Asks: 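This is the structure, below, for whatever I ask next.
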Amino acid sequence: MSRCLAERSIDHVLLERGEVAHSWRTERWDSLRLLTPNWQSRLPGFSYDGDDPDGYRSLPEVVDFIAGYAKAISAPVRTHTTVTSVRDADAGYLVRTNRGDWRCRTVVLASGACNIARVPSLAARLPASVASLTAQSYRNPAQIAEGGVLIVGASSSGTQIANELQRSRRAVTLSVGEHIRAPRVYRGRDLEWWMDAAGVLDERYDQVDDITRARRVPSLQLAGTPDRSTLDLNVLTDAGVRLVGRLAGVTEDGKAQFAGSLRNMCAMSDLKMRRLLDLIDEWARANGLDHAVEPPDRLPPTRVEEAPPLGMDLVKSGIKTVIWATGYRPDYSWLELPVLDRKGYVTHDGGIVCSPGVYLMGMQFLRRRKSALIDGAGDDARELSAHLAAYLDNAAPRLSA
Ligand SMILES: Cc1cc2nc3c(=O)[nH]c(=O)nc-3n(C[C@H](O)[C@H](O)[C@H](O)COP(=O)(O)OP(=O)(O)OC[C@H]3O[C@@H](n4cnc5c(N)ncnc54)[C@H](O)[C@@H]3O)c2cc1C
């Protein structure tokens, strides 16, 4: 957004509570690599020109990449500046920070979609002897007590952490709710390449049937590994991870209760994967690629044991740690504008917020399926900056001197 505003000569400032790329410096586990390939993190005025376009950036590489971009575009960032409130003021907005106040005619909320790890309220019932972490506070196996680990959530964060801990010789149980299975490589190309080429990631928010539902869809079960291998529930089962259903409750005496829907959840996930790959095959045929790429090769169905356990005494089963990989949410505790819905999310129409001159970035399916990816920011910023510029030209009241 900063780059797009600069192109339009719109005077602006970026207020950042930490360093540039703060979330990548402080809120991710050590071994994380982007699940999007290098070529895919395109930003306005930037595309990848290194020698490993199909690789996946490690955490330090992501930090360098974002900090390098900020420097290359001379982004006017004020670091260590925490916004403590944004409220209506004469002719615009008053932004309070720990380093003084700002008045502005427009505000872009780009504070991230994943500020807080979402943890179900039943976490409060865990026995005192069981440690509780989230995908945001987990760093590496050395942090985890010897013994069993229950990981709740089987999307990209949960499956990656389960894989790492099982391979560090912890006994991992993975509680599986709704998830979307995906092969890393399909017909010789990265799944992200197919989704990009076939236009899946460009699908617009005003073209899908149920945008509320589309914004809640969990992340694809993908991981970025140097060998470009698929990480799905079958791989985890082969590594020794035990699969159980969605965590439905924890009893007073510390027994975890799992839903009986594991088989169904996995069948649904296999079905969604098949539909995505069918769409890709169809696109390949229609675009003359069918014979230029490898033939279709589908993964076998997800294996689920005959009668997965419906309950588990956490202490007796040796569970020492529970890791919540149950998603993230934004934090708007500082936003004093009447723009939040009852769940605390900003109400918007493709990033245009109902308070005049306020815009939103970086949310799930904000304007396109790819909006919450690094690669999605550019298109959204181009369109929203155009709206913002028109607002400044035509509608925005002027600040008094
Ligand atoms: C585990 C995980 C893995 C991911 N993997 C990928 C991936 O492989 N590929 C991909 O494209 N995307 C991935 N994403 C999504 C990724 O987070 C986004 O693509 C990208 O970081 C979004 O950038 P952003 O600037 O919108 O939000 P953020 O990176 O969250 O940045 C928001 C910034 O706002 C600052 N901030 C927040 N509140 C305040 C305040 N009150 N005052 C001042 N500053 C504030 C924060 O410090 C932060 O620096 C992943 C996300 C997670 C959680």
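Note that ligands are numbered from 1 as they come in the structure, with each ligand's atoms numbered from 1 the same way. Scope of the values below: all heavy atoms of this structure, side chains included, with no hydrogens, waters or symmetry mates. Keep in mind that this is a model prediction, so the values were computed, not measured.
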Asks: Say whether Trp24 and ligand 1 are in contact under the criterion: heavy-atom distance to a ligand atom below 4.0 Å.
Replies: yes

Asks: I'd like to check which ligand 1 atoms, numbered from 1 as shown, lie under 4.0 Å from a non-hydrogen atom of Thr36.
Replies: 7 (C), 8 (O), 9 (N), 10 (C), 11 (O)

Asks: Apply ring-ring contact (aromatic ring centres under 6.0 Å, His included) to Phe65 and Phe46, showing your working.
Replies: CA-CA 10 Å; Phe65 158 59; Phe46 171 86; 5.3 Å; yes

Asks: Looking at ligand 1, does any of its N/O atoms fall within less than 3.5 Å of an N/O of Arg17?
Replies: yes

Asks: So, regarding Thr82 and ligand 1 (criterion: nitrogen or oxygen to nitrogen or oxygen, under 3.5 Å), is there a contact or not?
Replies: no

Asks: Determine the minimum heavy-atom distance between Arg105 and Tyr391, stating which atoms define it.
Replies: O-CE2, 4.0 Å

Asks: So that I can tick it off, tell me whether Glu383 and Arg367 are bridged by a salt bridge, with the cut-off set at under 4.0 angstrom between side-chain N and carboxylate O.
Replies: yes

Asks: Hey, is Arg187 close enough to Asp297 for a salt bridge, meaning N to O under 4.0 Å?
Replies: no

Asks: Can you tell me the protein heavy atom closest to atom 8 (O) of ligand 1 and the distance?
Replies: Leu35 N, 2.6 Å

Asks: Starting from atom 51 (C) of ligand 1, locate the nearest protein heavy atom and write down its residue, its atom name and how far away it is, to 0.1 Å.
Replies: Arg28 NH2, 3.9 Å

Asks: Measuring from the heavy atoms of Ala110, does anything fall under 4.0 Å of ligand 1?
Replies: yes

Asks: Does the protein put any heavy atom within less than 4.0 Å of atom 22 (C) of ligand 1?
Replies: no

Asks: With nothing but distance in play, are any N or O atoms of Leu373 less than 3.5 Å from an N or O of ligand 1?
Replies: no

Asks: Tell me if a side-chain donor or acceptor on Arg170 pairs with a main-chain N or O of Val149 at a distance below 3.5 Å.
Replies: no

Asks: Near Thr81, which atoms of ligand 1 are under 4.0 Å from a heavy atom of that residue?
Replies: 43 (C)

Asks: If every non-hydrogen atom of Val339 is compared with every non-hydrogen atom of Ser355, which pair is closest and at what distance?
Replies: CG1-CB, 3.8 Å

Asks: State whether Asp64 and Arg57 are salt-bridged, where the test is any N-O pair (Lys NZ or Arg NE/NH1/NH2 against Asp/Glu carboxylate O) under 4.0 Å.
Replies: no

Asks: Under 4.0 Å, heavy-atom basis, I'd like to know which part of Met361 is in contact with ligand 1: side chain, backbone, both or neither.
Replies: neither

Asks: Just distances here: any N/O of Glu16 and N/O of ligand 1 closer than 3.5 Å?
Replies: yes

Asks: Assess whether a salt bridge exists between Arg369 and Asp202, defined as any Lys/Arg side-chain N lying under 4.0 Å from an Asp/Glu carboxylate O.
Replies: no

Asks: Are any of the N/O atoms in Asn115 less than 3.5 Å from those in ligand 1?
Replies: no

Asks: What protein heavy atom is closest to atom 37 (C) of ligand 1, reported as residue, atom name and distance in Å?
Replies: Ser111 O, 3.3 Å

Asks: Using a 3.5 Å distance criterion without hydrogens, assess whether the side chain of Arg33 forms a donor-acceptor pair with backbone atoms of Pro226.
Replies: no

Asks: Can you tell whether the side chains of Asp206 and Arg204 come within less than 4.0 Å, N to carboxylate O?
Replies: yes

Asks: For ligand 1, note which part of Leu15 has a heavy atom under 4.0 Å away: side chain, backbone, both or neither.
Replies: backbone

Asks: Among protein heavy atoms, which sits nearest to atom 1 (C) of ligand 1, and what does the distance come to when rounded to 0.1 Å?
Replies: Tyr328 OH, 3.6 Å

Asks: Got an N/O contact under 3.5 Å between Leu34 and ligand 1?
Replies: no

Asks: What protein heavy atom sits nearest atom 11 (O) of ligand 1, and how far off is it?
Replies: Ile374 N, 2.8 Å

Asks: For ligand 1, is any non-hydrogen atom under 4.0 Å from Thr97's backbone (N, CA, C, O), its side chain (CB onward), both, or neither?
Replies: neither

Asks: Test your reading of the structure: does Glu19 have an N or O sitting under 3.5 Å from an N or O of ligand 1?
Replies: no

Asks: Could an N or O of ligand 1 be found under 3.5 Å from any N or O of Ala113, whether backbone or side chain?
Replies: no

Asks: Verify the contact flag for atom 49 (O) of ligand 1, where contact means a protein heavy atom under 4.0 Å away.
Replies: yes

Asks: Is there a nitrogen or oxygen of Gly362 sitting under 3.5 Å from a nitrogen or oxygen of ligand 1?
Replies: no

Asks: Regarding atom 42 (N) of ligand 1: of the candidates Asp380, Leu32, Val83, Thr84, which has the closest heavy atom?
Replies: Val83

Asks: Atom CZ of residue position Arg78 - does it have more than 12 heavy atoms of other residues, nucleotides or ligands inside 6.0 Å?
Replies: no

Asks: What residue and atom, counting heavy atoms only, is the protein's closest point to atom 18 (C) of ligand 1, and at what distance?
Replies: Ala372 O, 3.3 Å

Asks: Closer than 4.0 Å to some heavy atom of His22 - which atoms of ligand 1 meet that?
Replies: 47 (O), 49 (O)

Asks: Run the salt-bridge test on Glu252 and Arg125 with the 4.0 Å N-O cut-off and return the result as yes or no.
Replies: yes

Asks: Closer than 4.0 angstrom, basic N to acidic O: yes or no for Arg169 and Glu146?
Replies: no

Asks: Between Tyr93 and Arg103, is there a cation-pi geometry (under 6.0 Å to ring centre, at most 45° from the normal)?
Replies: no

Asks: Between side-chain atoms of residues 191-201 and protein atoms elsewhere (two or more places apart, or another chain), which donor-acceptor pairs fall under 3.5 Å?
Replies:
{"residue": "Glu192", "atom": "OE1", "partner": "Gln40", "partner atom": "NE2", "Å": "3.0"}
{"residue": "Trp194", "atom": "NE1", "partner": "Tyr186", "partner atom": "O", "Å": "2.6"}
{"residue": "Asp196", "atom": "OD1", "partner": "Arg42", "partner atom": "NH2", "Å": "3.1"}

Asks: Identify, for atom 31 (O) of ligand 1, the protein heavy atom at the shortest distance, and state residue, atom and that distance.
Replies: Ser23 OG, 4.2 Å

Asks: Under the salt bridge (Lys or Arg N to Asp or Glu O under 4.0 Å) test, which residues partner Arg298, sequence neighbours left out?
Replies: Asp278, Asp281

Asks: Regarding ligand 1, does Ser157 bring an N or O atom to under 3.5 Å of one of the ligand's N or O atoms?
Replies: no

Asks: Is it true that Arg213 and Glu178 have a side-chain N and a carboxylate O under 4.0 angstrom from each other?
Replies: yes

Asks: Check whether any protein heavy atom sits under 4.0 Å from atom 27 (O) of ligand 1.
Replies: yes

